[in-house]
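Heads up, the thing below is written out as structure tokens.
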Amino acid sequence: MGSSGAERAAERLLLAALCSVCQALQDGMLFPTESPSREVKDVSGLWIFRADESPERSRGFEQQWYKSPLAETGPVIDMPVPSSYNDITQDAQIRDFIGWVWYEKDVWVPARWIQDRGTRIVLRVGSAHYYSVLWVNGVKVTEHVGGHLPFEADISGVLRQTSGNQCRITIAVNNTLTLETLPPGTIQYMTDRSRYPAGYFVQNTNFDFFNYAGIHRPVLLYTTPKAHIDDITVETTFSDNIGLVSFNVSVLGSSKAAVKVTLSAQDGRCVASADGSRGVLKVTDVNLWWPYLMHENPAYLYSMEVKDGQTDVYTLPVGIRTVKVTSTQFLINNKPFYFHGVNKHEDADIRGKGFDWPLVVKDFNLMKWMGANSFRTSHYPYAEEILQMADRHGIVIIDECPGVGIKDIRSFGNVSLAHHLTVMEELVRRDKNHPSVVMWSVANEPASEMPPAGFYFKELVSHTRSLDSSRPVTYITASNYARDLGAPYVDVICVNSYFSWYQDPGHTELIGLQLNTQFDNWYGKYQKPIIQSEYGADAVPGLHSDPPMMFTEEYQKTVLQNYHNVFDQKRKEFVIGELIWNFADFMTSQSIIRVVGNKKGIFTRQRQPKAGAFLLRERYWRIANETGVLNTIKLEQEYPLRFIL
Ligand code: GCB
């Protein structure tokens with residue numbers, strides 16, 4: 001059958017897509033899911049915990065606490081996983097603890113997992129902050145540098161050699177930050193004996209959120225067959241009504257993998273299939289993945305079943321969509337997309353940065369309620385479950401790595417850069433298949449005016465592009481346009497500014513002039529589209545004044561309104577988005593400029609709206625309605641707009 005013009009165009013696009021798929025990373029980090037060939041056992045829950053309070057924090061290693069049950073080494077306390085440990089007890093020393101803490105849990109491993117030598121048993125930690133070492137039955141199985149990203153170890157051998165079905169998992173976690181960690185930090189010993197006791201030290205950082213620590217995401221045991229699907233990379237494009245899904249599957253533990261890939265629509269109908277570990281699936285009458293509020297049927301996900309012969313099966317949700325950037329626009333499926341969204345934190349009372357489904361679902365409900373179509377994972381990668389929610393709800397994500405607070409020139413050295421590149425590799429490897437992720441952010445507000453920043457960001461951005469050529473790359477700047485050395489390398493300029501707050505506090509009348517100047521300067525110099533990636537003002541909930549004064553809800557509203565006036569002019573030109581700082585109030589370290597945390601949330605930390613939330617809600621729905629593609633009646637039924645418009 002002769003191919004149509006549309007098909008030929010699609011094939012050309014596909015060739016380009018395949019070339020980038022070839023550069024996929026070596027090891028996989030597929031999210032553990034159940035399938036006919038895989039089981040998952042969640043071993044989160046109640047663990048026991050001990051902080052190593054010895055002066056050097058080294059007693060646990062000297063006394064080998066991993067060798068015997070932790071309770072035999074000294075006093076232990078209960079500790080929930082996932083959760084930060086900081087706010088769980090009444091002890092300020094635990095809240096502010098710096099150094100090694102030890103977690104332990106005894107779990108049963110199903111006998112059939114051990115007996116069946118063809119079963120591979122993996123222990124996976126969703127994330128632990130910052131540096132972790134893992135033992136199983138006293139045997140070290142892996143270690144990992146960096147919070148916010150998963151790590152895992154094949155523990156089949158250890159389990160079969162040690163005590164069989166019983167499995168004592170010990171995890172030591174250290175939250176110390178150094179000049180070469182991401183984010184960086186320094187430990188400062190206080191030597192003035194008239195003011196500080198011997199050995200007194202503090203952790204200094206340059207970021208504005210509490211350095212929560214512990215096991216932050218679920219700990220899972222899961223199985224795969226020995227010959228197993230290790231990684232899958234998909235890239236998608238389309239031409240007219242034909243969607244193309246190029247895939248690359250890597251199989252480990254088998255010399256003769258026989259991969260079969262099947263793509264099914266939401267009604268279960270098979271729409272395309274192929275044999276082989278690399279190839280392209282062609283989908284006629286494609287349902288594209290559209291962002292929330294951009295289409296009547298957003299977030300369409302196909303289901304891609306990957307089978308390796310008779311042994312392994314893995315199913316991956318796939319959204320077919322494209323992302324492109326021009327000098328004035330951000331295009332999703334070739335249509336202009338305007339980011340009207342939020343910046344978030346993984347942060348809540350008691351659990352700190354611990355993953356929590358009620359919080360995740362509540363936050364998505366709030367984002368949809370306010371008409372937000374996007375968020376940025378400020379200032380680190382969020383849990384994979386959050387990205388899966390975004391895929392399913394059509395919320396667009398700017399996916400940020402933990403490169404926040406790079407302010408010291410010593411953090412621009414080769415060791416730091418090498419680590420930063422590795423973190424980007426881990427991030428892309430984990431998140432590359434999410435349709436919701438439309439851009440990578442490699443850092444937030446680095447000292448981009450320092451001379452090494454030019455080389456540093458050139459390397460970082462080009463390495464990220466080599467890992468994934470299908471998405472634009474940015475970093476978030478707060479630097480002056482004339483002094484920013486990284487901007488030449490990024491695809492989109494993301495600027496944070498706090499006019500009438502950190503500059504000219506109290507003078508909201510200056511916002512219009514200063515913001516216009518900001519946009520014109522950046523666009524004039526780079527001719528790249530601009531996102532206002534942060535703006536806002538603190539509002540202590542319930543504090544009021546008219547005329548507005550700083551820290552009141554009225555002041556926060558006034559700042560927002562002044563910014564919005566300028567956005568409304570500039571979004572006709574080259575401004576492609578606005579992300580409020582912040583979705584919700586969040587905890588910071590203690591300081592004279594923070595009243596129990598940062599209060600720039602439009603929701604409180606308990607997720608109750610301040611006046612600014614209603615203002616943004618009205619604005620975001622209005623912008624969404626302007627696009628003219630919405631079935632307003634349907635949306636009004638879901639979210640009664642008549643009350644606000
Ligand atoms: C910023 C930072 C963010 C802070 C915010 C603020 O520029 O990127 O982490 O929390 O300002 O409120 O100061």
Side-chain angles (χ1 to χ4, degrees), residues 147-148 177 182-185 204-212 339 341-348 352-353 375-382 398-407 411 441-449 453 474-481 483-484 486 490 493-506 508 511 514-515 518 522 530-541 550-553 555-556 559-560 563 577-605 610 612:
H148 319 290
L177 300 176
L182 267 195
N204 296 317
T205 56
N206 272 313
F207 53 83
D208 184 36
F209 53 91
F210 192 86
N211 189 30
Y212 278 114
F339 294 80
V342 300
N343 287 279
K344 293 187 89 258
H345 261 300
E346 286 182 321
D347 176 271
K353 292 201 176 304
F375 67 90
R376 162 179 164 230
T377 70
S378 43
H379 292 306
Y380 37 79
Y382 293 178
I398 300 174
D399 201 354
E400 189 156 294
C401 93
V404 53
I406 308 176
K407 303 281 190 197
S411 295
S441 161
V442 297
N444 177 68
E445 295 187 9
S448 50
E449 71 289 354
T474 190
Y475 74 90
I476 315 293
T477 187
S479 194
N480 185 295
Y481 77 105
R483 293 187 299 141
D484 191 290
V490 300
I493 304 279
C494 287
V495 190
N496 297 347
S497 57
Y498 288 91
F499 303 127
S500 85
W501 193 261
Y502 295 119
Q503 291 120 50
D504 305 299
T508 51
I511 292 174
Q514 296 184 356
L515 189 58
Q518 168 199 282
W522 278 97
I530 304 178
I531 296 177
Q532 181 74 38
S533 40
E534 286 181 28
Y535 71 105
D538 287 73
V540 177
M550 291 178 77
F551 294 100
T552 63
E553 296 196 32
Y555 192 88
Q556 187 185 47
V559 169
L560 267 47
Y563 267 81
E578 53 186 89
L579 303 175
I580 182 75
W581 190 264
N582 188 283
F583 173 73
D585 293 345
F586 57 92
M587 195 46 68
T588 63
S589 60
Q590 299 185 59
S591 97
I592 52 165
I593 59 160
R594 296 286 175 253
V595 191
V596 194
N598 187 310
K599 295 282 188 283
K600 293 194 186 69
I602 49 156
F603 295 99
T604 65
R605 202 182 192 207
K610 302 180 195 172

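Just follow the structure's listing: the first ligand is 1, and inside any ligand the first atom is 1.
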Subject >> Pairs touching residues 580-595 that satisfy salt bridge (Lys or Arg N to Asp or Glu O under 4.0 Å), sequence neighbours left out >> reply: D208-R594, D585-K610

Original post:
With F586, which residues qualify under ring-ring contact (aromatic ring centres under 6.0 Å, His included), at least two apart?
Top reply: H345, W581

Subject >> Reported CZ-to-CD1 distance for the pair R376 and I580, which is rounded to 0.5 angstrom >> reply: 12.5 Å

Original post:
What do the steps show when you test F375 against F583 for ring-ring contact (aromatic ring centres under 6.0 Å, His included), and what is the final call?
Top reply: CA-CA 9 Å; F375 67 90; F583 173 73; 8.6 Å; no

**OP:** For ligand 1, would you mind listing the residues that have at least one heavy atom less than 4.0 Å away, ordered by chain and number?
**Re:** D208, H379, N444, E445, N496, Y498, Y502, E534, W581, F586, R594, N598, K600

Subject >> Parallel, tilted or perpendicular, as decided by the 30° and 60° cut-offs, for the rings of Y498 and Y502 >> reply: perpendicular

Original post:
Who are the ring-ring contact (aromatic ring centres under 6.0 Å, His included) partners of F499, not counting sequence neighbours?
Top reply: none

